[in-house]
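One structure is given here, and the rest of the page talks about it.
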There are 2 protein chains.
Amino acid sequence: MTHSEKARRSSGKRERLAAAAAKVLHEQGVEQTTLADIARAADVPVGNVYYYFKTKNELVEAAIAAHAQNLRAVIGELDALPTPQDRLKALLNGWVEQRELTARYGCPTGTLASELDKRADGLDQAIAEVMQILIDWAAHQFQAMGRDDSRELALALVAAYQGISLLTNTLRDPELMTAEGRRLERWIDSLT
Amino acid sequence: MTHSEKARRSSGKRERLAAAAAKVLHEQGVEQTTLADIARAADVPVGNVYYYFKTKNELVEAAIAAHAQNLRAVIGELDALPTPQDRLKALLNGWVEQRELTARYGCPTGTLASELDKRADGLDQAIAEVMQILIDWAAHQFQAMGRDDSRELALALVAAYQGISLLTNTLRDPELMTAEGRRLERWIDSLT
DNA sequence: GTCTATATCGAGATAGAC
DNA sequence: GTCTATCTCGATATAGAC
């Protein structure tokens, strides 16, 4: 029996737990978050969590998978836009729109990556793959613009976002994201 | 009796603990690090730690202060260089030289900032001030170059560094730092 | 499949001998 | 000032009733 089959039979509690984990882990961080926190957010009794996830690590893994799926959905929408410049700028817009959340809790992927890197488990690899999805997509856009340094540009773009997310969060100023968004937009225009 | 007086009388154990804390917290993260870890690294018995620091938070605070002092020392050396361009490029060079450490553990200031932000204590403010030291210094250099958007440029520079540090760490590839360092150097040249 | 009660364990913190 | 032994508490995880 697969996970999704189990989930159908149990009124989606597994999905609720994974979604709640993604949200609460972003807000509180992995170490600060107890299973009780996640269970409460998902409206599931604490002890019951272990029926769906054998360990806390498995729950974190499910949260990472939820992030990955979310990222793929965002990217899928961007791909409907006509030019690579449009697509990259729409990505920037999305980041700027999230600025209040970022000022409070940082970038969901970035803060997770930073935390998981300090742990012995294999979860750092999983979050690295999520980050790579974004980098690869951005590189693809720069390539479509005819740049032969597309990978370096993609890394610079994602780094700029991760960095300004950290500063926005650390200094609690959402407008840092707005200003950097504008700057990156001009940068993209200058590349053509 | 002040702390430094106490320290003199106790063969510098307080300083040893603060320095060990700075190192171990960078390597393992705040939550993953036990007082026993820090005590061992400083070669001090565990129970004795509480004579010097009443709580774990106070030790973390001391570690942040050590980082701040270290940063000020680095900046002090850079200030000896003749032009703002030289000073900024020397800062970049220092970052690139640290790339192996960054690939393993991330930027000391950035990873601490990311972690402390998820905590209820007031330590997020302390690390924000350390970050601000660097931003202010960089803004000063851009201003000396005659730029009236010096603060925005400084934020972009520090963000680029924080971001590429995160990617270098997450993807475990020190050469990402090398490439971005070269790119930022060209960027600085283009601003004059 | 669902949930309660509880075992276990490790960390921060303290008491008090020296 | 220094260090050992120990208290306390909270979190993960499990046993087992329903």
Side-chain angles (χ1 to χ4, degrees), chain A residues 1-22 24-25 27-64 115-116 118-123, chain B residues 1-22 24-25 27-64 115-116 118-123:
Chain A
M1 182 165 62
T2 68
H3 279 152
S4 58
E5 280 164 350
K6 256 191 206 168
R8 235 175 289 130
R9 293 191 192 182
S10 55
S11 40
K13 283 195 185 175
R14 192 174 207 279
E15 279 70 16
R16 287 222 309 279
L17 280 167
V24 179
L25 291 177
E27 294 174 357
Q28 306 191 346
V30 177
E31 303 296 334
Q32 306 275 337
T33 299
T34 69
L35 291 178
D37 290 335
I38 298 171
R40 198 180 324 113
D43 201 32
V44 167
V46 200
N48 201 358
V49 172
Y50 286 93
Y51 177 74
Y52 299 97
F53 300 93
K54 280 195 289 293
T55 64
K56 184 182 180 179
N57 265 0
E58 278 194 18
L59 237 183
V60 176
E61 206 171 356
I64 295 172
E115 261 196 288
L116 293 178
K118 308 280 186 190
R119 292 170 60 117
D121 49 49
L123 266 43
Chain B
M1 184 165 60
T2 69
H3 280 151
S4 58
E5 279 164 351
K6 256 193 207 167
R8 235 175 288 130
R9 292 192 191 178
S10 55
S11 38
K13 283 195 184 171
R14 199 188 147 87
E15 279 69 19
R16 286 222 311 279
L17 281 167
V24 179
L25 291 177
E27 293 174 357
Q28 306 191 344
V30 177
E31 302 296 332
Q32 305 276 336
T33 299
T34 68
L35 291 178
D37 291 334
I38 297 172
R40 199 180 324 114
D43 200 35
V44 166
V46 201
N48 201 358
V49 172
Y50 286 93
Y51 177 73
Y52 299 98
F53 300 93
K54 279 194 289 293
T55 63
K56 184 180 180 180
N57 265 0
E58 279 195 16
L59 237 183
V60 176
E61 207 172 352
I64 296 172
E115 261 196 290
L116 293 179
K118 309 280 187 193
R119 292 170 61 116
D121 48 49
L123 267 44

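Just so it is clear: chains get the letters A, B, ... in the order the sequence lines come, proteins before strands, and each one is counted from 1.
Distance CZ (A:R119) to P (D:dT12): 10 Å, rounded to an integer number of Å. Rounding to whole angstrom units, OH of residue B:Y52 and P of C:dA13 are separated by 18 Å. D:dA11 atom P lies 12 Å from atom CD of B:E31, rounded to whole Å. The CD1-P distance, from A:I38 to D:dA11, rounds to 12 Å in whole Å. Rounded to a whole Å, the CZ atom of B:R16 is 13 Å from the C1' atom of D:dT2. To the nearest angstrom, C1' of C:dA13 lies 16 Å from CZ of B:F53. The distance between atom OH of B:Y51 and atom P of C:dA13, rounded to the nearest whole Å, is 18 Å. Rounded to whole Å, the distance from CG on A:N48 to C1' on C:dT4 is 11 Å.
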Nucleotide N/O of nucleotides 9-12 of chain C paired with protein N/O under 3.5 Å:
residue	atom	partner	partner atom	Å
C:dG12	OP1	B:K56	NZ	3.3
C:dG12	OP2	B:L35	N	3.1

Check nucleotides 5-8 of chain C against the protein and report each pair of N or O atoms closer than 3.5 Å, with its distance, or say if there are none.
none

Task: A:E115 vs A:L25, side-chain contact (heavy atoms from CB on, under 4.5 Å): CA-CA, chis, key distance, verdict - done: CA-CA 10 Å; A:E115 261 196 288; A:L25 291 177; over 6 Å; no
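Remark: side-chain polar atoms of A:K118 are not paired, donor with acceptor, to backbone N or O of B:T33 under 3.5 angstrom. With B:E31 contributing its side chain and A:E31 its backbone, the two residues share no donor-acceptor pair below 3.5 Å.
Taking all atoms of both residues into account, the shortest heavy-atom contact from B:E58 to B:K54 is OE1-N, 3.4 Å. Scanning both residues, B:L116 and B:L123, for their nearest heavy atoms gives CD1-O, 3.9 Å. Nearest heavy atom pair, residue A:A39 against residue A:L17, reads CA-CD2, 4.3 Å. B:V46 and B:A36 get closest at one heavy-atom pair: CG1-CA, 4.0 Å.
Checking B:L59, B:L35, B:I38 one by one against B:F53, the side-chain contact (heavy atoms from CB on, under 4.5 Å) holds for a single residue, B:L59.
For residues 39-49 of chain B, the pairs satisfying side chain to side chain donor-acceptor pair (under 3.5 Å) are B:D37-B:R40, with sequence neighbours left out.
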